[in-house]
Structures are given as structure tokens and as C-alpha cells.
Amino acid sequence: MDERYDPKKVEPKWQKQWAEKNLYKTRFDESLKKFYCLEMFPYPSGKIHMGHVRNYAIGDVIARYKRMRGHNVLHPMGWDAFGLPAENAAIKHGVHPSKWTYENIAYMKGQLNKLGLSYDWDREVTTCSPEYYRWNQWFFLRMLEKGIAYRKSSYVNWCPSCETVLANEQVIDTRCWRCDSVVVQKELFQWFLRITQYADELLAACDGLTGWPEKVVLMQKNWIGKSYGVEVDFRIEGSDEHIRIFTTRPDTLFGATFVCLSPPHPLSALLVPDRVELEAITSQYGKVDEKIGLFTGRYCINPVNGEKIPVYIANFVLMEYGTGAIMSVPAHDQRDFDFAKEYDLSIRQVIAPEENVGAGLVPAQGSGQPQGLSLHAAFEDEGVLVNSGSFSGMRSDAAREEIAKYLEAKGLGKKMVNFKLRDWGISRQRYWGTPIPVVYCEKCGIVAVPGKDLPVILPEDVRFTGKGGSPLLDSTSFLETACPGCGGKARRETDTMDTFVDSSWYFIRYCFGKDEPGLDAKMKSMSRELGYWMPVDQYVGGVEHAVLHLLYSRFFTRVIRDLGITGCSEPFSNLLTQGMVIKDGAKMSKSKGNVVDPDYLIDRYGSDTSRLFSLFAAPPEKDLDWSDKGVEGAYRFLSRVWNLVFKNRGVLKGTGTIAARGPETAALSEEGRRILRKTHQTIRKVTSDIEKEYHFNTAIAALMELVNEVTGFEPRSEADIEVLKSAVENTLLLLAPFTPHIAEELWEATGNRPFISGRQWPAWDEGLAKDEEIELVIQINGKLRGKLMVPFGLSDEEIKKLALGDGKTAEWTSGKSIRKVIVVRGRLVNIVVG
RNA sequence: GCCCGAGUGGCGGAAUUGGUAGACGCAAGGGACUUAAAAUCCCUCGCGGGAAACCGCGUGCCGGUUCGAGUCCGGCCUCGGGCACCA
């Protein structure tokens, strides 16, 4: 054994041995209790960053811990390998996306292995390989059959810089999530997946996500955005047509003073004969900073009071939500209020605050203006109805229900539920993605590629100019094909799939290992592998995927369930969203110049130190403040552990392992008893910190305390030596999930056979962990006045007597009467005097 | 604007979920070893007062409940995150 800790010698040695023995290979064995531990797979951008190190260190601790607890652990890794950066690299540097991607994967895989992560690499997936993406295509065809995949023309978010469509989730603050360009609206034919069909189920199941952070569940709920309301028809005056609106506030129906249509609404073209005017307003559709309207010159009739109100086209009314038309109640909706002010439309209050009604401050009957009050803004709260015919005087929440019932009874409207969630547009006008397996035939129209012809291979021989649309448009060998239906001339779909499709089911692909999943065959009976491994027991990743990836995965899993492939609905039982890695007050990024290079870190301190620091500096869910000095502290701690073993290498190697046996406490020195107790307390503390909340920071702190104590321990007897050995071996076992290399090396150095990773997690003895004495705190009137060492396990009466007999107590209580004495067992005594 | 979180030493963070505030680590100061430096080891380390024992104050601010509040309740302030014409 070397005198000094040198991770450069230790780490490659064990990485080599783990790989040679294929130690982390997982076998499908239904007799064992499984644990599926998964971290979000990376995009192979070139090199890993500290965020990855943290993410994968957290996951690896969990996987290694669960293995030591006797679980059959599935812990796989792969590559989210399709995506725009590869294509941008092709345009910029002339390197093919495939070459670029696979080279990055090779490099990054080396980096992950240098971190000592315990993956079963036999299950590695690479989403850009035809073996993977053929199943994307297969799922697409199944969805096409079931009507879940469909094509429609719609307004889509278009990134002019990336020249592609973006899903709503990919638009951040009106900008492209990837390149930050301002997104514009464009009308295009696109492929969609009908995620809205699962909206209700996805929402209802949110309440079952008890292992997820509440914050994430809430974000999912808000994104799905279920709201209850009514649809009401407003007849257009002088026409048989009517405008169907959706509102969540039927209680304000009497206050509707105009109706607005979305520019793309079919009735807009009908009511506005002037093409130029309509186009002008349509071009403003989706513009967020300004409300623009166009009066159609037409009127419609409010069905509850027969009132004639004007019809506008308004740029802020969304075609994709509700019916694409709204009733406007400026008195009770701020957006309508702003619009009414701009176009000088009347504002009529129909809900008054309850306290105003009591004070007689209600709007005069028939007038729009409240008596003694004028509205400066919309009143959106609950209140009491006024100016609302027979509903006046009713509370707004009750009126919402009553008016809805009234409308239904009269056949004027219908209760309706709406969701914010839209169908998922998956078409991307890009090369580096999964080809959508359909062809366009001159005779037959849209034809699905038959399953036997899958995969539709992405052609390699394309040119990347960076101009215009997808390079696939120039690839005649790809483009021109025969129609699977009639054999005639057909053209392939050139759009590829959103890469979020790839990541929506990769956790299912892992379950099959190297084997072809053969989903076609699995249709007949549910796959046993899938049934065994799914759902993922612990998923670990960044919170930035709280909506997009997680929602899509929940959707895909349900579709796969409904195809009869799995019985599992919810893919991730427990979710841990780790915080960001911060340095100098900002998230690490190249543009900020505050990145720490994992390669440098591993080279200088080793991966055990890198892992240890990123686990110790903060609990996993919180942001981690990077500190170069803190890293050195972690290295110092590992060196101290090394030195402890080195110093005692003679005795540690000599005695047989006694970790399981508690030596006779009588033969121990007092110090020996203390170390033994501390050892068992530490096993208990580390175990519960991992089990409870994955609070590795406090677990590591406890290990540091133990090592600090053991370092000063001078054994005086054979029994003491056994205690020392037990303390050291338990330290190494507890350390193994966090810093596996040094744990293996020192495990071997203390005369044990490899591998520590395969050992059982230590158990503590509650009796040995028990304190002999406790420090009794004495409070007078809640203030700390003294401390007393007392034997463990005294009765309340005995404790009280001791506390009252203490000299300190007498000083503080003299001349006062004792009103009350409160005893908190094992903690403190509070004496109340007055 | 709406919906969530979070505010504890010089810093990162602990505190059996109502019971000793500041574990552990970093930084800082002092000391030992060394020709010297690095490394290592030991001591001090919330603020104020005191030579000391000790005393007072202290978990963003104000109030409340309680024998006792970082923790519970009410009201504010600040910061962070998510959503944002969803009718």
C-alpha cells in the first residue's frame, strides 16, 4: 500500500477490473426484488459538464446503495443522439451529423467511465441508430392506425433561424428554446399526436405522483390546464349563422357587451368581406404586446337578454383554445376591459363586491355605471350579481351553476370542459431526426409505410448548405419511392420527428437489453421483462424537463399500455429533480465563462473527489454553489481516510473481519466503547439520510465525524483493535456508494477480497448505538441556564430531582416560586418560575 | 398579473418536524513541525460586553400562540423559479 493517496493509480485500476468482470451487468431474474434507477440520458454535445457530473453522481449513489441493499438494480445509460446541434455542426464545419454525433458519444462515454459510474453498458441505447428509431416509426404507425397520429394544417410556432416548427413547450418567452430567436406564427401542414385524448387521465393521475416533487406535479397540472365552463351560441343578426363561444364565467353573461372572433375563425372570413382588412388583422394574430380589433359591421344577439351587441375580430383571441370565439365582458375581464377602452365600447358591471351591495353601492338598474363608483379596472373577483335579470342578487359562484343550468334547459348552451394542453406537433423540417414513415402517392394520397419496410432509413448522402429547408428535400434517392399501395410514383415525407419522441420511451427500450424488443410479437402477451422492470423506481434529472419530457413520457407510456405492450401507466414512480450547478452567482455556461471542466477536475483530484464534493456541498434538489476550495476539502477528507488505513495497515490486515460481531464491551477501553458507539450511530445516520430524502450531504458529514474520531483513536487492547477494524471497515462500506474507487482500494488494503461494491450494506445495533449518558439541558423560563451529564434512561421524576438539585438552578430560582416543571425525556428540563 | 418556493455566521450548509441554533466543510486568525515553503497536525472562530466565570442580543421585518418558536398562525419586505392573452 502506498503511503499517499493517489487517485490516478487507484481509479483506473478499479475501473478496469469492474469492466473486465462486467460487474454492473444486470440480469433479468424475477425471483429478485428489482430496482430501476435511471438518470436522464445526455445529448452528446461533445463533452460532459458539471451538471452531468452531479446528475450521474446522484444516480450512481442510489444505484450502488440499492445494490448493497440486495436489490437487482437496473442502471442503464444511453444517448439522446438526434438533434439540431449535429446538423449545425455539419453546416458550419462540414462534418456529417452522424460522424460528429458518434465521435462525441465515444468521448463522453469515456468521461462517464472515468467517473466510475456503475452502468450496465450492454443496454446502451443510441437514438440516432436505425435499431432504435425504427421503433419510433413503429409506434408512429400504430398511432396512425389508432387515430392518435394525424395530419392537419394549423398555425404553428416557427423559428426563422432554425427553420423549423416548435412545440408550445419549446417556446420560452416568445423565443426559441434552442437559439433564442423570436418565434413567429406560420400556417403549415403538420403531423400531430393526440395527447389531448389523454388530457383527463394525465391530469387525474397527477394526484398519484406522490414520489414527485410537488412543484413538478403542479407544473404538469397547470400545463394541462383543465377548466370548466359553458359553450353558448350567439345568433348573428340577419343570418342563420351563430357564433359559439366558450366561457368559464357564465355568471357574467349579462355583462357581455361585444363578441370577438379569432382571426382564423371560419366566420371571420364570412363576416368580413374585405380581404385586405382581414389579412391585416390576421397578420397581427398572436402578437402579444398589443390588442388589435376589427369591427365586422355585424351584430349578434345575447341569448339571455336578447341584446344586440357588436361582433369584432380580435388578434388576441386564440383559435386553438375553446371555440375560437369569446363573449367580452369588459367589466369583469381585464383583457376585455383594455379592448373596450381602446375601441370605446360599453362596459357594464354585473358583479358587485359583496360589501358594496351591503352599503347600497350598486350600479343603477339598466345603466352600465355603478352609482358613486366608476371602474378603473375589471372587477374579476367573486361578488353578487346585479343587472342580471332574475339572477340579480345571487352570489357569483352559485350563479355560475344556475345560469349554466338555465342555458342547458333552454337549449342555448352546454356545459363544457376545456384544456390548455394542445395536441403535440411532432413534424420538424430537419434532417437529423427520425423520418416519419409515410409517403405521398399521386393516386392514393397519404400512405403509411408498411411495418415490414421499417426502418425508413435516414440517407447519409445529403448536402448541408444551411440554406432553405431540410436537406432531405434535395435527396432524390430518398424522396422518390414507390407507393406501397398501388406501386405508382410516390414521394416520401421529408419531415422528421421531434427528438422528444426519442426520449419519450427510451426507459422502456432499456428493459430489453441488447435483445431486439420485437414489440410486434410482444403485442400478444405483455413482455415479462417490461413487467418486471417498469416503472422506473427512481428517476433523476434536471427540473428544466418538468413539463416537456416528463409529460410526453407519461403520454407515450399510456399509449404503449393501450397497445397492450405493458401494464404500466405511470413511467416514473419517484422523481428527483436536482438543482443547477452555480458558480460566481450564475449557472455555469460558456458565455458566462464560469465553467469548471470535469476532465480537469478528474485529472487533478480524481473522480471520487469530484463526486464527493458535488454530493456534499448541497442536498441534491437544491442549487449547488461551486467552490474550488470545497473540492480541496473533499480531497483532504479522502486523504485522511487513506492515511487512517495506512497508519493502521498492520493491525487492520492482521485480524479477521469482525464487522458483524459486537465484541464484549467490558473488554473495551472507554475510548473503544465510544468509537464502537459512534460507528453504529454513523451506520444508522447514513442509512436514514439516504433512505429518507437522499440527503447525501448530511450522510457524508456524519462519515467525516466518524473518521475524525477514529483518527484520534489509539487502541489499547485486542478488543480495541477489533473496534478499530470494525470502524474502518464500516466507514469503507458506507463510503462505497459515494466514492467507490478508494473504497475498493482500501477494502483490499485491509485484507478483504474484492469487490466492496458487491458487499452487503452494514447494519447497526440499536443497543450499541445507544448513548450511555446524555447532556441534560436546564432551562429557567425557557432560557438555557445550565447543562448536566446524566445517565441514560432516567425517569421524569429522577430528572426533575436532579435538575432542581443543581446549584445553578438554585441561583436562578432563589426568591422565586416554582410554578411548573416540564421534562422532555432525553433532552431538557424547563423550570417555570414567577 | 397569476401560481409555487426560499430567506439561518464571512461563505456552502446542519438542526430528532415545537425542545441546547450554527453539525460537517470552506475561508480567516494563532500555534507546532521545517533552514524555508508546501503538505500535515493542534487551538480559536455568530454579534456585543467582560481578565475570566459569565451576561445580554441573535435564524428577513412586525405581531400572535406556547413553559418553550429557525420550526406553528396572521400581516409585510426581499430574492429565486414556473406560467403568461387559455376567456
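Per chain, numbering begins at 1; letters A, B, ... match sequence-line order.
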Nearest-Å distance, [atom1] ([X]) to [atom2] ([N])?
{"X": "A/K820", "N": "B/U66", "atom1": "NZ", "atom2": "C1'", "result": "9 Å"}
{"X": "A/F637", "N": "B/C26", "atom1": "CZ", "atom2": "P", "result": "11 Å"}
{"X": "A/I582", "N": "B/G13", "atom1": "CD1", "atom2": "C1'", "result": "15 Å"}
{"X": "A/N781", "N": "B/U66", "atom1": "CG", "atom2": "C1'", "result": "13 Å"}
{"X": "A/I700", "N": "B/A23", "atom1": "CD1", "atom2": "P", "result": "18 Å"}

message: Quick check for you: among B/G25, B/G19, B/A87, whose closest atom lies nearest to any side-chain atom of A/N708?
response: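 The answer is B/G25, which lies nearest to the side chain.
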- prompt: The side chain of A/F616 lies closest to which of these nucleotides: B/C83, B/G12, B/G19?
  reply: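 Shortest atom-to-atom distance from the side chain points to B/G12.
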message: Can you see whether A/F637 has A/R640 sitting over its ring - NZ or CZ less than 6.0 Å from the centre and within 45° of the normal?
response: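 No, cation not above the ring by the 6.0 Å, 45° rule.
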field: C1' atoms of B/U20 and B/A15, separation to the nearest Å
entry: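 That atom pair is separated by 11 Å.
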message: Could you tell me how far B/C4 sits from B/U8 if I compare only their C1' atoms? Round to whole Å.
response: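 Their C1' atoms lie roughly 22 Å apart.
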Charged N-O contact under 4.0 Å between [X] and [Y]:
{"X": "A/K221", "Y": "A/D207", "answer": "yes"}
{"X": "A/D200", "Y": "A/K226", "answer": "yes"}
{"X": "A/E772", "Y": "A/R674", "answer": "no"}

With a cut-off of less than 4.0 Å, is there a side-chain N or O of [X] near OP1 or OP2 of [N]?
{"X": "A/K783", "N": "B/C57", "result": "yes"}
{"X": "A/N643", "N": "B/U40", "result": "no"}
{"X": "A/K215", "N": "B/C4", "result": "no"}
{"X": "A/R636", "N": "B/C26", "result": "yes"}

- request: Look at the side chain of A/R827 against the base of B/U16 and say whether a donor-acceptor pair falls under 3.5 Å; ignore hydrogens and angles.
  value: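 Indeed there is one.
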task: Check whether the side chain of A/E775 and the base of B/U20 form a donor-acceptor pair under 3.5 Å.
output: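 It does, because a donor-acceptor pair links the side chain of A/E775 to the base of B/U20 below 3.5 Å.
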query: Does any pair with a residue in residues 245-266 of chain A pass salt bridge (Lys or Arg N to Asp or Glu O under 4.0 Å), and if so which ones, sequence neighbours excluded?
result: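 The answer is A/R249-A/D251, A/D251-A/R400.
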Donor-acceptor under 3.5 Å (A/R825 side chain, A/V823 main chain):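 Side chain of A/R825 to backbone of A/V823: no pair is present.
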By the 4.0 Å heavy-atom rule, please label [X] as base, sugar-phosphate, or nothing.
{"X": "A/G633", "value": "sugar-phosphate"}
{"X": "A/W642", "value": "nothing"}
{"X": "A/R684", "value": "nothing"}
{"X": "A/V543", "value": "nothing"}
{"X": "A/E290", "value": "base"}
{"X": "A/V832", "value": "sugar-phosphate"}

message: Apply the syn/anti split at 90° from 0 to B/G9 and say which one it is.
response: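 Judged by the O4'-C1' to base torsion, B/G9 sits in syn, the angle falling within 90° of 0.
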message: In terms of relative ring orientation, are A/H545 and A/H549 parallel, tilted or perpendicular, with 30° and 60° separating the classes?
response: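 If you compare the ring of A/H545 with that of A/H549, the planes turn out perpendicular.
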What pairs of donor and acceptor atoms, side-chain ones from residues 787-797 of chain A against any protein atom, are under 3.5 angstrom apart with sequence neighbours left out?
residue : atom : partner : partner atom : Å
A/S795  : OG   : A/E798  : N            : 3.2
A/S795  : OG   : A/E798  : OE1          : 3.1

statement: A correct dot-bracket answer for RNA chain B, with pairs being Watson-Crick or G-U at under 3.5 Å, [ ] for crossing pairs and | for inter-strand pairs, is (((((((..(((......[....))).(((((.......))))).((((....))))..(((((..]....))))))))))))....
